[in-house]
Amino acid sequence: MELLKEIWSTARRNKLRTSLTGFAVAWGIFMIIFLLGAGNGLINAQVEHSSRYLSSSMVLFGGFTSKAYKGLREGRYVRLDDRDIDYTNSHFENHVRDAGGIQQHGGVHISKGDKYVSGQTLSGVTAADVRINCRDMYCGRFVNELDNRECRKVVVLSEAQAKELAGHGAIPALVGQYVKVDALVFKVVGVTKDNQQQQDNNAYTAYTTLKRIYGLGDAAWAIQFMVDHLETEEQSEALEQAVRTAINLRHGAAPDDEAALWVGNRFAQGLQMAQGIRIIRTALWVIGIFTLLSGVVGVSNIMLITVKERTREFGVRKAIGAKPWHILRLILVESVITTAFFGYVGMFCGVAANAYMDATIGREVVDTGLFQATMFLDPTVGIDVCLQATFVIILAGTLAGLMPALKAARVRPIEALRRE
């Protein structure tokens with residue numbers, strides 16, 4: 001108790017020195033927690049966005065040729081079809097799994113009794129779509145292989161559509177009932193959860209059903225498939241180029257014409273994102289560690305100055321019977337208490353700053369016109385990281401005070417009393 005009173009008395013006599021020491025420690029802790037929180041917010045938003053689809057998948061869209069090839073002019077539209085799907089399944093069977101088409105028909109009117117939703121998009125998909133695009137079911141089931149094989153008139157509604165059609169009733173009660181899609185009757189087999197990052201929450205039916213009803217022939221708006229046995233970005237890009245070459249040649253386009261066939265290589269994007277996340281995390285930790293080191297250097301310098309200023313005091317203490325251990329203990333305890341107190345102040349401020357970010361920009365959604373995206377998501381740091389960072393700077397502050405403490409403990413009383 002007497003030791004604490006003595007430390008408090010010393011701190012009051014040297015307010016500026018104590019304040020500078022405390023600021024260096026608190027600032028180091030605050031910055032590492034704040035930076036890690038901001039970095040986690042960016043990383044979590046990217047992970048959330050990428051979780052909307054299966055990373056081990058690809059999607060193909062037809063485009064317009066950008067160069068002439070074999071007498072055919074540029075600017076031609078490449079229309080994908082069912083033969084492209086069969087070709088992809090058969091010629092790339094070692095890496096491609098469950099290739100299927102996507103077809104769409106816009107402006108449909110879906111109604112049930114006097115309840116209706118207009119201007120909706122009806123998408124025809126295969127059974128693999130629910131896995132490739134990570135669709136969450138609110139209730140019921142998704143389109144399956146039997147629906148496609150038998151061209152069943154079944155429909156899977158979005159949560160927003162189901163709310164409108166159910167009125168005051170429960171959404172799950174819609175499953176098994178019938179709704180009108182334009183002039184045709186469809187059986188509701190499921191409801192998907194709304195995707196908050198997309199504005200067009202479509203209704204879904206079987207790929208074969210949609211094409212038969214609207215007379216779309218063998219055309220495919222897009223082709224999607226899962227990929228297997230790929231480990232590196234180079235392997236993924238090789239498969240992408242092989243698929244592009246094959247599809248382009250089938251449609252009379254140059255093999256290397258990237259504009260003729262747009263390939264969404266989600267596997268490569270996932271690897272690139274994982275690498276980017278590792279770089280961001282490493283950079284944040286490096287910056288944070290150097291910030292902590294600046295605090296440690298500040299504590300060390302101030303402790304050295306403290307010992308120099310109090311040399312005569314320590315000489316008097318030793319002259320009247322104080323042992324070296326008492327001097328050592330006094331300096332070390334002062335260093336630990338100062339570092340610990342201001343370290344926890346910095347930790348509290350860092351946690352508060354992260355909580356403020358989470359309550360403000362952590363909830364903001366940017367509307368691009370095509371989709372909505374959260375730029376920051378849960379920009380916080382776990383309490384374990386906060387405590388570890390605080391413990392590190394307390395330990396560093398203790399070690400920083402150890403050298404001047406040993407130096408002060410070894411000073412002979414007569415030498416200390418001679419110093420100005």
Side-chain angles (χ1 to χ4, degrees), residues 46 49-104 123-134 148 198 202 207-208 210-211 216-276 368 370-371:
Q46 293 302 312
H49 179 67
S50 66
S51 67
R52 297 298 179 182
Y53 50 79
L54 185 68
S55 60
S56 56
S57 65
M58 293 186 185
V59 58
L60 315 177
F61 293 94
F64 291 88
T65 57
S66 61
K67 58 181 73 174
Y69 183 69
K70 289 188 176 180
L72 299 173
R73 61 180 177 82
E74 71 275 11
R76 295 179 297 108
Y77 177 65
V78 174
R79 192 198 71 167
L80 300 176
D81 54 43
D82 291 342
R83 286 167 294 180
D84 293 324
I85 300 173
D86 295 336
Y87 186 89
T88 303
N89 268 320
S90 60
H91 284 72
F92 302 100
E93 57 184 6
N94 290 334
H95 296 295
V96 172
R97 184 162 53 91
D98 294 334
I102 305 173
Q103 191 53 274
Q104 293 188 332
S123 294
V125 295
T126 58
D129 180 86
V130 69
R131 299 191 299 278
I132 293 175
N133 291 291
C134 300
N148 272 282
Q198 293 181 353
N202 299 348
Y207 175 70
T208 54
L210 183 79
K211 296 210 299 178
L216 299 176
D218 66 347
W221 176 67
I223 299 172
Q224 60 184 358
F225 52 84
M226 290 179 275
V227 295
D228 272 337
H229 307 112
L230 296 179
E231 296 181 0
T232 65
E233 190 174 344
E234 289 74 19
Q235 291 176 340
S236 174
E237 290 175 351
L239 175 61
E240 175 185 335
Q241 187 55 47
V243 171
R244 173 179 284 111
T245 298
I247 300 297
N248 280 3
L249 289 175
R250 288 199 69 256
H251 292 273
D256 59 344
D257 191 348
E258 296 185 3
L261 183 71
W262 186 87
V263 181
N265 191 339
R266 294 163 175 171
F267 184 85
Q269 292 169 4
L271 292 178
Q272 292 167 1
M273 188 185 74
Q275 183 179 5
T368 66
L370 296 175
F371 61 90

Going by the rule side-chain contact (heavy atoms from CB on, under 4.5 Å), which residues pair with [X] if we only count those two or more places apart in sequence or in a different chain?
X	answer
Glu237	Glu233
Ala242	Phe92
Gln235	Leu230, Glu231, Thr232

Check: [Y] and [X] side chains under 4.5 Å, non-hydrogen atoms:
X	Y	answer
Val243	Val263	no
Thr88	Ile247	yes
Arg131	Ser57	no
Glu240	Leu261	no
Ile85	Phe225	no
Ser55	Arg266	no

Problem - Between Thr245 and Gln241: side-chain donor-acceptor atoms closer than 3.5 Å - result: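 There is such a pair (donor and acceptor under 3.5 Å, judged by atom type) between the side chains of Thr245 and Gln241.
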Exercise for the section: Determine which pairs satisfy ring-ring contact (aromatic ring centres under 6.0 Å, His included) with at least one residue from residues 231-256, sequence neighbours left out, and list them in order. Expected result: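 Listed once each, the pairs would be none.
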To the nearest 0.5 Å, what is the distance between [atom1] on [X] and [atom2] on [Y]?
X	Y	atom1	atom2	value
His229	Leu239	NE2	CG	12.5 Å
Gln103	Leu210	CD	CG	6.0 Å
Ser236	His95	OG	NE2	10.0 Å
Gln104	Leu216	CD	CG	11.0 Å

Problem - For the student: nearest non-hydrogen atoms of Leu80 and Ala222, plus distance - result: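 Scanning both residues completely, I find the closest heavy atoms to be CD1-CA, 4.3 Å.
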Exercise for the section: Give the minimum heavy-atom separation between Ile223 and Asp81, together with the two atoms involved. Expected result: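 Reported closest heavy-atom pair: CD1-O, 4.3 Å.
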Exercise for the section: Verify, without hydrogens or angle tests, whether Asn148 (side chain) and Thr208 (backbone) share a donor-acceptor contact under 3.5 angstrom. Expected result: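 Pair found, side chain donor or acceptor close to backbone of Thr208.
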Exercise for the section: State which residue, out of Asp129, Thr126, Asp82, fulfils the side chain to side chain donor-acceptor pair (under 3.5 Å) condition with Tyr207. Expected result: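 Of all the options given, the one that passes is Asp82.
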Exercise for the section: Hey, can you tell me if Phe61 and Trp262 have their rings parallel, tilted or perpendicular (30° and 60° cut-offs)? Expected result: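 Answer is tilted, since the angle falls between 30° and 60°.
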Handout entry: Asp218/Arg79 ion pair, N-O < 4.0 Å
Key =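 Counted as a salt bridge, because a side-chain N and a carboxylate O are separated by less than 4.0 Å.
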Practice task
Taking side-chain hydrogen bond (donor to acceptor under 3.5 Å, both in side chains) as the test, write out the residues that go with Asn89, two or more places apart.
Solution key: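 Residues passing side-chain hydrogen bond (donor to acceptor under 3.5 Å, both in side chains) with Asn89: none at all.
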For residues 62-74, please give each side-chain donor-acceptor pair under 3.5 Å, one per line with the distance, not counting sequence neighbours.
| residue | atom | partner | partner atom | Å |
| --- | --- | --- | --- | --- |
| Thr65 | OG1 | Gly75 | N | 3.0 |
| Thr65 | OG1 | Arg76 | N | 3.0 |
| Ser66 | OG | Asp257 | OD1 | 2.6 |

